[in-house]
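By convention here, the first residue in the shown sequence is residue 1.
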Amino acid sequence: MQSVEFKHPGERFGYGQPEAYPLRAACFAKTYPSRKTLNPHYDWTTVIFCGRETAADPRLGKFERVIYHAEAARVIEAYPKGY
C-alpha cells in the first residue's frame with residue numbers, strides 16, 4: 001500500500017497530518033481483510049509530492065519518499081504545469 005500526499009504550492013500540513021501517514025498506512029496493511037474497499041497488501045510506504053518550499057519542514061521525514069514537483073514534471077509528461 002502506498003499512502004500518497006500531494007501538496008499544492010504554499011499548501012500547509014494540517015495539525016498532525018504528516019505524523020499520521022505512517023500510522024495509517026501500517027494500520028491499513030494490517031487490517032485490509034476487514035476493509036472491502038482495499039486490495040490485499042502486505043507492506044506499505046509513504047510518499048509526498050510537494051514544492052521545494054516545503055524542503056525545510058522537518059516533518060517531511062515522516063514520509064519515506066519525497067518527490068518535488070519539478071522532479072515529477074521531468075519524468076511525467078502529463079504532470080500539471082506550474083508546479
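Here the CH2 atom belonging to Trp44 is positioned 11.5 Å from the CZ atom belonging to Arg24, to the nearest 0.5 angstrom. For the atom pair CD1 of Ile76 and CD of Glu71, the computed distance is 9.0 Å after rounding to the nearest 0.5 Å. Note that NE2 of His69 is 4.5 Å distant from CZ of Phe6, once rounded to the nearest 0.5 Å.
Taken together through direct or relayed side-chain contacts under 4.5 Å among Ile, Leu, Val, Met, Phe, Trp and Tyr, Leu60 and Tyr21 form part of one hydrophobic cluster.
No side-chain heavy atom of Ser3 sits under 4.5 Å from any side-chain heavy atom of Phe63.
Ile67 and Val47 make their closest contact through CD1-CG1, 3.9 Å (heavy atoms, listed as atom of the first residue, atom of the second, distance). Here the closest heavy-atom approach between residue Ala29 and residue Asp43 is recorded as CB-O, 4.4 Å.
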I'd like to know whether Asp57 forms a side chain to side chain contact (heavy atoms under 4.5 Å, CB included) with Cys50, so could you lay out the CA-CA distance, the side-chain angles of the two residues, the decisive distance to 0.1 Å, and finally the verdict. CA-CA 11 Å; Asp57 192 320; Cys50 61; over 6 Å; no
Give the table of side-chain donor-acceptor pairs shorter than 3.5 Å for residues 12-19, with sequence neighbours excluded, one pair per line with atom names and distance.
from: Gln17; atom 1: OE1; to: Lys7; atom 2: NZ; distance (Å): 3.0
from: Gln17; atom 1: OE1; to: Gly14; atom 2: N; distance (Å): 2.8
from: Gln17; atom 1: NE2; to: Glu5; atom 2: OE2; distance (Å): 3.3

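In this structure Glu53 satisfies the salt bridge (Lys or Arg N to Asp or Glu O under 4.0 Å) test with no other residue, sequence neighbours excluded.
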